[in-house]
Participant: 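Below you'll find the structure I mean.
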Amino acid sequence: CGNNGFCGEGGKCICKTENYGGFACLYCAEHFYGSQCEAIPFILDINPKKGVDTGENIVRIHVDNIMMLTNPDFKCRFDDTVVSATVDIISNTSITCVAPQHEPGTVKVDVSTNGGVSYTLNSVVYEYTRTCPPTLCNATQGYCSLGQCICILPWSGSLCNVELFPPTINTPAQTEINLDEGEPLQLPLSLNQGSEPVFWELLTAPTSVELVNKSTVMWSDPRGRTEPYNITVIASNNVGSDVITIIVSVKFSYFAKVLPTVEQTFTTPSLLRLEGQGYRLDQNGSVVSLPAGVSIEIRVSPEKGETKIMPLVTDVNGQFSALYLAGTPGVTMFGAFHPGDTESGYQESFNMADIAAKLDEVSVNILTNQPYSTYIEIRNTGSVEVVGLNIRFETEYSWPILTVSLGTSSLTPGESTTASISFQNNVSVLETARLVVSGFSDGAPVFAASLFRLDIREPASSLRVGSPRLTVRAVRGGQRITKVTLHNDGNAESKPVQVIIPEGFFFTVAAPAPGFTVPSGGSRTVSLIASPDPNAAFG
């Protein structure tokens with residue numbers, strides 16, 4: 001009778017609990033289910049067993065053991081779709097729920113008694129049937145799903161028999177428009193065709209352009225610019241789109257110019273006041289001053305630097321000014337412009353004279369009596385000829401005898417030459433001097449300078465022990481020879497070397513004899529004899 005019963009009279013199995021029954025108590029008794037034969041909810045049947053794909057029909061599910069539950073929360077699950085359920089008040093052994101929409105086909109249905117936390121061990125099958133025949137919707141224009149036609153664009157309507165058309169924009173009379181600065185633009189756009197709803201949108205346009213009344217391009221205050229503006233509009237619906245681009249050219253309504261600087265050539269960095277006047281032309285072509293508050297730009301473009309833009313506004317007299325630090329060698333162009341003007345040329349210029357020595361800060365490390373020489377490049381980086389070239393060292397201390405020579409005494413703009421510098425000294429020197437290259441440009445002095453650090457030292461030795469620590473294993477009362485290597489890392493032979501052993505140590509020098517020397521870049525080996533006393537302590 002297995003583990004679920006015992007053998008009774010006449011060899012008949014008597015089950016231990018009411019949960020088990022059948023031959024040898026191997027099966028669950030009626031109303032008991034699962035591997036442990038428990039009184040748990042179990043689906044017995046579903047009615048009806050099929051329904052339309054649109055859902056909304058009431059389904060009754062017969063579930064065993066639901067009368068035993070306390071405060072149940074019933075849910076029905078159709079595949080992955082969960083819906084609420086209630087107890088059938090007539091039988092009290094069934095629950096009812098409303099089938100959700102689903103594509104035609106079969107689904108598994110199971111029941112939860114705890115609000116969807118867990119579901120019954122078993123499920124039943126429910127079939128969804130199609131509510132409309134496939135021929136209801138034109139096969140090339142749509143298909144039937146959940147009782148209605150799903151249309152394939154461009155078709156629409158309940159039977160997919162209404163064709164939608166993409167929008168096409170009517171080309172306006174002018175697609176290239178010329179405006180005066182400040183003249184408003186109002187351009188209505190319309191469709192040649194297009195099924196509603198149609199959506200209008202600006203793809204590219206100046207920030208102040210907008211679409212009003214759905215499809216009218218409105219620009220209330222166009223600003224002058226050298227290049228024309230592109231205004232691109234798109235009209236779109238579910239089946240397509242159309243794009244149109246309007247090219248708008250806006251003429252300048254005012255101009256500006258700068259006054260020349262008092263000096264045309266500068267030899268040192270100078271703070272300049274750049275001044276100018278804004279103006280416009282009236283109907284007769286006469287020059288008229290601008291009012292206050294009009295936007296102007298002064299642009300300064302050094303030959304060897306980045307252009308600087310200074311936004312300004314005119315004063316009550318239509319004038320403007322700005323400060324600029326002139327310090328870049330060469331020709332600097334400058335002018336005043338309408339902010340949208342990118343074509344007009346610069347109106348004035350000034351020169352910055354300069355020379356440059358291609359010599360960074362230099363450090364020279366040599367020995368006494370060792371010759372040294374170098375070359376530097378000197379270039380006229382300004383826009384004016386430099387004459388009377390000279391090169392010199394400025395220092396507070398006595399320097400070795402120098403030999404300095406220049407390839408030429410004058411340089412045209414962009415021209416370069418070399419200067420040679422050489423010296424030799426028999427004593428030590430540790431000083432810093434300023435190397436100065438000077439000349440004259442249009443009668444004004446110009447110069448370039450760099451630091452020159454000089455370190456001349458007498459040759460010297462530099463001894464180093466090969467290993468900073470010496471370990472010797474020796475027997476008390478015996479002797480042991482060990483070797484130490486001395487290296488000379490200096491640039492001269494060492495003076496006589498004497499090896500001194502501290503008092504109380506049991507080492508003696510075996511070789512070489514006192515007074516030996518170590519050559520520059522070389523080494524010598526010193527042999528030591530360790531002779532521990534017979535009574536010496538271990539360690």
Side-chain angles (χ1 to χ4, degrees), residues 357-377 393 395-404 418-435 450-539:
K358 276 194 173 179
L359 182 66
D360 297 327
E361 183 176 311
V362 175
S363 295
V364 179
N365 299 286
I366 58 175
L367 300 175
T368 53
N369 297 315
Q370 179 181 348
Y372 174 83
S373 62
T374 187
Y375 293 88
I376 64 171
E377 180 185 358
F393 282 92
T395 178
E396 300 177 4
Y397 307 96
S398 174
W399 267 54
I401 298 175
L402 297 171
T403 302
V404 182
T418 57
S420 63
I421 302 173
S422 60
F423 53 81
Q424 182 175 344
N425 207 39
N426 56 6
V427 295
S428 298
V429 175
L430 181 61
E431 302 295 348
T432 298
R434 191 168 76 140
L435 176 64
S450 177
L451 291 181
F452 203 94
R453 303 183 187 277
L454 190 61
D455 185 356
I456 302 177
R457 299 174 183 265
E458 293 185 359
S461 61
S462 177
L463 296 181
R464 171 177 57 86
V465 179
S467 175
R469 182 173 181 175
L470 179 63
T471 300
V472 179
R473 298 181 181 275
V475 178
R476 291 186 300 180
Q479 291 186 338
R480 189 178 184 89
I481 297 177
T482 187
K483 296 181 179 181
V484 177
T485 302
L486 291 180
H487 300 273
N488 185 356
D489 297 330
N491 46 36
E493 184 179 15
S494 73
K495 294 180 179 180
V497 177
Q498 183 177 5
V499 180
I500 300 175
I501 304 298
E503 186 176 352
F505 279 72
F506 47 79
F507 283 98
T508 57
V509 179
F516 67 90
T517 61
V518 183
S520 173
S523 61
R524 291 292 299 270
T525 300
V526 177
S527 298
L528 301 175
I529 299 177
S531 305
D533 188 87
N535 299 317
F538 292 109

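Residue indices begin at 1 and follow the sequence shown.
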Participant: Taking only residues two or more places apart in sequence or in another chain, which ones pass side-chain hydrogen bond (donor to acceptor under 3.5 Å, both in side chains) with Arg480?
Facilitator: none
Participant: List the atom pairs, donor and acceptor, that lie under 3.5 Å between side-chain atoms in residues 516-533 and the rest of the protein, sequence neighbours left out.
Facilitator:
from	atom 1	to	atom 2	distance (Å)
Thr517	OG1	Glu493	OE2	2.8
Ser520	OG	Gly490	O	2.9
Arg524	NH1	Thr517	O	3.1
Asp533	OD2	Asn535	N	2.9

Participant: Pick out which of Val499, Ile500, Val484 makes a side chain to side chain contact (heavy atoms under 4.5 Å, CB included) with Val509.
Facilitator: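 That would be Val499.
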Participant: For Asp489, which residues count as a side-chain hydrogen bond (donor to acceptor under 3.5 Å, both in side chains) partner, sequence neighbours excluded?
Facilitator: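 Per chain and number, Asp489 pairs via side-chain hydrogen bond (donor to acceptor under 3.5 Å, both in side chains) with Arg464.
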Participant: What distance separates Ser462 OG from Asn488 CG, expressed to the nearest 0.5 Å?
Facilitator: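 One gets 7.0 Å once the value is rounded to the nearest 0.5 Å.
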Participant: Does any part of the side chain of Thr418, heavy atoms only, come nearer than 4.5 Å to the side chain of Ile376, both counted from C-beta?
Facilitator: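 Counting from C-beta outward, Ile376 and Thr418 never come under 4.5 Å.
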Participant: Which pair of heavy atoms, one from Thr482 and one from Phe507, lies closest together, and at what distance?
Facilitator: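 Smallest interatomic distance, heavy atoms only, reads CG2-CE2, 4.3 Å.
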